Trainee: 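Below is the structure I would like to discuss, written out as structure tokens.
Chain identifiers are assigned alphabetically (A, B, ...) following the order of the sequence lines, protein sequences preceding nucleic acid strands; residue numbering begins at 1 within each chain. Quick caveat, the model's predicted, so the values are computed rather than measured. The analysis underlying the following values was restricted to heavy atoms, covering all of them including side chains, and did not include hydrogens, waters or symmetry mates.
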Amino acid sequence: MGRILLLRSWHGLIVIMGVTIVVFVVTRMIGDPVDIMLPLEATAEQRAAFEHQLGLDRPILVQFFDYVWSLAQFDLGDSLWQNRPALEIILERLPLTLYLCFSAIAVAVLVAVPMGVIAALKPGGIIDKITVLLSLGALSVPQFWLGLLFIMVFAVQLGWLPAGGAASFKHLILPALTLAIPTMTRLVMVVRSQMMDELNAQYVKTAEAKGMPLFRIVGLHAMRNCAVPVMTLTAWEFIRILSGYTVVVETVFAWPGLGLIALQAIERQDLVLLQAIVFVIAVIVVVFNLAVDIIYKVIDPRIKLD
Amino acid sequence: MTQKLLEIDNLEVHFTTRRGVVRAVRGVSLSVGKGETLGLVGESGSGKSVTSQAAMGLVHIPGEIVGGDIRWKGQSLLGPEGHPLSRRIRGREMAMIFQDAMTSLNPLFTCGQQITEVLRYHRKMNKAQAQARALELFELVGISAPLERLNQYPFEMSGGMRQRGMIAMALACEPELLIADEPTTALDVTIQAQILELLQDLQKRLDLSIIMITHDLGVVAGLCDRVAVMYGGQIVEEASADEIFSHPAHPYTMGLLRSTPRIDGKDDRMVSIAGSPPDLLQAQQGCAFASRCPSRKAECSRDVQLKEMASRQVACRFPFSGPWSRDFKERTDHIGTR
Ligand SMILES: Nc1ncnc2c1ncn2[C@@H]1O[C@H](COP(=O)(O)OP(=O)(O)O)[C@@H](O)[C@H]1O
Ligand SMILES: [Mg+2]
């Protein structure tokens with residue numbers, strides 16, 4: 001187990017290195033920070049001096065190794081926009097984003113799993129039909145539109161919940177739901193079809209023949225067999241939320257998390273900050289995947305990690 | 001006579017499918033007495049599994065028991081009063097093992113966990129008691145290194161060991177009746193013989209009643225007291241095992257006997273039955289076997305009932321009488337005997 005973990009961590013490190021290279025190249029392609037930072041009437045000398053100050057006049061390879069060397073020392077550089085360490089900014093914002101992501105995933109799982117299981121208990125039954133219909137309906141709604149709809153109804157019309165910010169638990173509800181609903185609909189369909197398959201499996205017949213109660217057969221025997229595919233999708237959804245959907249939803253709800261700051265970094269062409277954000281997200285994703293792999297092994301003893 | 005444990009009376013089971021209603025079981029009557037071993041034989045698709053699962057209360061949508069009765073020690077297991085009784089009996093007094101122990105065991109739980117859950121649920125044992133009893137059961141069914149096996153997952157065991165594990169699990173609550181649905185079909189010949197031997201041994205030691213379901217008459221010989229032959233959802237012949245093997249009366253039984261390979265491989269003239277089983281979507285008219293029957297006559301297009309004939313029951317207007325092959329019994333006798 002220990003050896004395998006080491007191997008997996010090594011793989012993770014390779015992924016992070018790959019991401020580092022891609023981010024480094026891409027951020028250097030999307031724009032020139034000098035254009036943004038200096039006034040339009042800046043002279044060529046001023047531009048050259050500024051480039052020199054940022055180290056942008058050095059050969060690209062030297063810049064890259066310098067960047068990697070800093071990373072190794074947990075130095076993600078200073079934000080061009082805010083003039084302070086990028087890591088400091090990220091660590092301020094990250095907890096809010098993780099809070100939002102975990103809340104969304106928790107809501108999605110807590111709704112989707114029981115709903116999918118109940119639908120699967122009676123395929124083609126009324127609950128099953130309603131579940132499928134609701135899922136398909138919700139799936140076709142774009143996320144930003146869903147967010148705007150929520151704001152219109154619950155914040156503007158009814159005035160029950162705040163439209164933006166992150167000051168209290170009330171502020172969490174709308175953005176978390178906006179993130180949760182599309183995930184929930186995809187998850188419901190997978191739980192449902194997976195559970196239907198498992199309930200037809202021969203081991204379920206055996207458990208019935210042993211006289212086990214339905215609750216145990218569904219909730220333990222079949223559920224554990226559904227767990228790996230359901231977890232795979234949940235993990236994938238979590239990563240998509242963390243590294244993508246939050247940008248949209250945090251913007252719509254003015255949720256001051258990492259997604260919002262990422263968008264601002266792009267607008268201000270703060271490539272150091274953007275680079276740092278992408279790097280941190282990549283590390284989180286790698287660590288998260290490592291944890292998921294270990295949980296797989298715990299659920300299904302047949303899974304070989306290497 | 002011996003006390004009747006399970007009585008199936010004129011059972012009808014239908015499956016509603018997209019193609020229509022499959023009449024899988026069509027008026028089957030069976031009974032098993034205490035300590036008795038009944039063989040239920042027939043080609044695949046003849047309704048053996050559905051009949052036995054109905055007895056266990058395991059027929060669900062799209063299947064439905066639409067007629068007849070199932071009784072356990074005289075009490076009906078069907079209807080609103082029967083269901084709680086059925087639930088109480090299942091896994092305790094009546095247990096079942098299946099064809100493929102690999103798929104029949106939950107792949108994600110150890111064999112130990114799968115046995116102890118039965119003991120903990122039905123017998124309210126604590127963990128240590130259940131463990132001790134599971135160990136005992138593993139020893140009873142001849143599992144080697146039983147202590148280690150308890151912590152093994154099904155995929156870590158051989159086919160024979162898995163089936164022994166299944167048997168141990170079924171016997172956990174000391175049932176009176178064990179239904180074995182093709183328990184040896186997925187195993188190779190030597191392991192098959194060992195499992196049959198084990199069942200025979202357990203039957204004697206525990207005074208167990210067994211319903212042995214198989215498509216292979218060779219499996220039945222030496223193990224069963226009585227044999228019921230199923231065809232197209234009906235029983236076409238029922239008699240003592242000796243009589244079935246020495247004087248098959250129904251042409252289908254005869255066909256089955258002739259198509260049973262010799263277990264030692266020294267095969268002389270094995271003849272399979274020509275044609276295919278009846279379409280269970282259709283209502284039956286006349287004898288279901290008529291279209292495949294070598295001794296079919298015009299009258300066979302009229303309906304035929306299971307009739308008492310000497311010491312047996314046969315559903316045929318023109319049954320055979322007299323012995324067919326003196327040595328068949330000898331050929332299959334060694335199965336299940338030391
Ligand atoms: N779940 C089901 N849905 C539809 N038909 C079924 C189902 N289960 C069994 N049947 C029908 O019942 C018939 C008898 O099946 P079965 O009892 O399994 O046969 P056997 O065990 O004798 O091989 C089959 O021909 C099949 O068409
Ligand atoms: Mg069968």
Trainee: Compare every heavy atom of B/L6 with every heavy atom of B/L177, then report the nearest pair and how far apart it is.
Mentor: CD2-CD2, 3.8 Å
Trainee: Mind checking what makes ring-ring contact (aromatic ring centres under 6.0 Å, His included) contact with A/F238, not counting sequence neighbours?
Mentor: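 Testing A/F238 for ring-ring contact (aromatic ring centres under 6.0 Å, His included), a comparison that skips the adjacent residues, returns A/F102, A/F288.
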Trainee: Should the heavy atoms of other residues, nucleotides or ligands under 6.0 Å from CG of A/L136 be counted, would the total exceed 12?
Mentor: yes
Trainee: Taking every heavy-atom pair that is under 4.5 Å apart, which of B/L58, B/L105, B/I61 has the most such pairs with chain A?
Mentor: B/L58
Trainee: Counting heavy-atom pairs closer than 4.5 Å to chain B, which one of A/P123, A/A201, A/A207, A/A209 comes out on top?
Mentor: A/A209
Trainee: Report, as yes or no, whether the 6.0 Å neighbourhood of atom CD on B/Q75 holds more than 12 heavy atoms from other residues, nucleotides or ligands.
Mentor: no
Trainee: Report which part of B/L108 has an atom under 4.5 Å of a heavy atom belonging to chain A: side chain, backbone, both, or neither.
Mentor: both
Trainee: What distance separates A/L146 CG from A/L177 CG, expressed to the nearest 0.5 Å?
Mentor: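 Those atoms lie 8.5 Å apart.
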Trainee: Partners of B/S76 by side-chain hydrogen bond (donor to acceptor under 3.5 Å, both in side chains), sequence neighbours excluded?
Mentor: B/D69
Trainee: Where on B/M166 is there a heavy atom nearer than 4.5 Å to chain A: the side chain, the backbone, both, or neither?
Mentor: side chain
Trainee: Note each donor-acceptor pair with a separation under 3.5 Å, taking one atom from chain B and one from chain A.
Mentor:
{"residue": "B/Q53", "atom": "OE1", "partner": "A/K205", "partner atom": "NZ", "Å": "3.3"}
{"residue": "B/H60", "atom": "NE2", "partner": "A/E208", "partner atom": "OE1", "Å": "3.4"}
{"residue": "B/H60", "atom": "NE2", "partner": "A/E208", "partner atom": "OE2", "Å": "2.4"}
{"residue": "B/G91", "atom": "N", "partner": "A/A209", "partner atom": "O", "Å": "3.3"}
{"residue": "B/T103", "atom": "O", "partner": "A/Y203", "partner atom": "N", "Å": "3.1"}
{"residue": "B/S104", "atom": "O", "partner": "A/T206", "partner atom": "OG1", "Å": "2.7"}
{"residue": "B/N106", "atom": "OD1", "partner": "A/N225", "partner atom": "ND2", "Å": "2.9"}
{"residue": "B/N106", "atom": "ND2", "partner": "A/H221", "partner atom": "O", "Å": "3.3"}
{"residue": "B/N106", "atom": "ND2", "partner": "A/H221", "partner atom": "ND1", "Å": "3.0"}
{"residue": "B/L108", "atom": "O", "partner": "A/R224", "partner atom": "NH1", "Å": "3.4"}
{"residue": "B/L108", "atom": "O", "partner": "A/R224", "partner atom": "NH2", "Å": "3.4"}
{"residue": "B/Q114", "atom": "O", "partner": "A/K210", "partner atom": "NZ", "Å": "2.8"}
{"residue": "B/E117", "atom": "OE1", "partner": "A/R216", "partner atom": "NE", "Å": "2.7"}
{"residue": "B/E117", "atom": "OE1", "partner": "A/R216", "partner atom": "NH2", "Å": "3.0"}
{"residue": "B/E117", "atom": "OE1", "partner": "A/H221", "partner atom": "NE2", "Å": "3.0"}
{"residue": "B/E117", "atom": "OE2", "partner": "A/K210", "partner atom": "NZ", "Å": "2.8"}
{"residue": "B/E117", "atom": "OE2", "partner": "A/H221", "partner atom": "NE2", "Å": "2.8"}
{"residue": "B/H122", "atom": "NE2", "partner": "A/K210", "partner atom": "O", "Å": "2.7"}

Trainee: Does anything in residues 155-183 of chain B pair up under ring-ring contact (aromatic ring centres under 6.0 Å, His included), and if so which pairs, sequence neighbours excluded?
Mentor: none
Trainee: Given B/M212 and B/L223, is the side chain to side chain contact (heavy atoms under 4.5 Å, CB included) satisfied, shown in steps?
Mentor: CA-CA 9 Å; B/M212 171 59 88; B/L223 181 68; 3.3 Å; yes
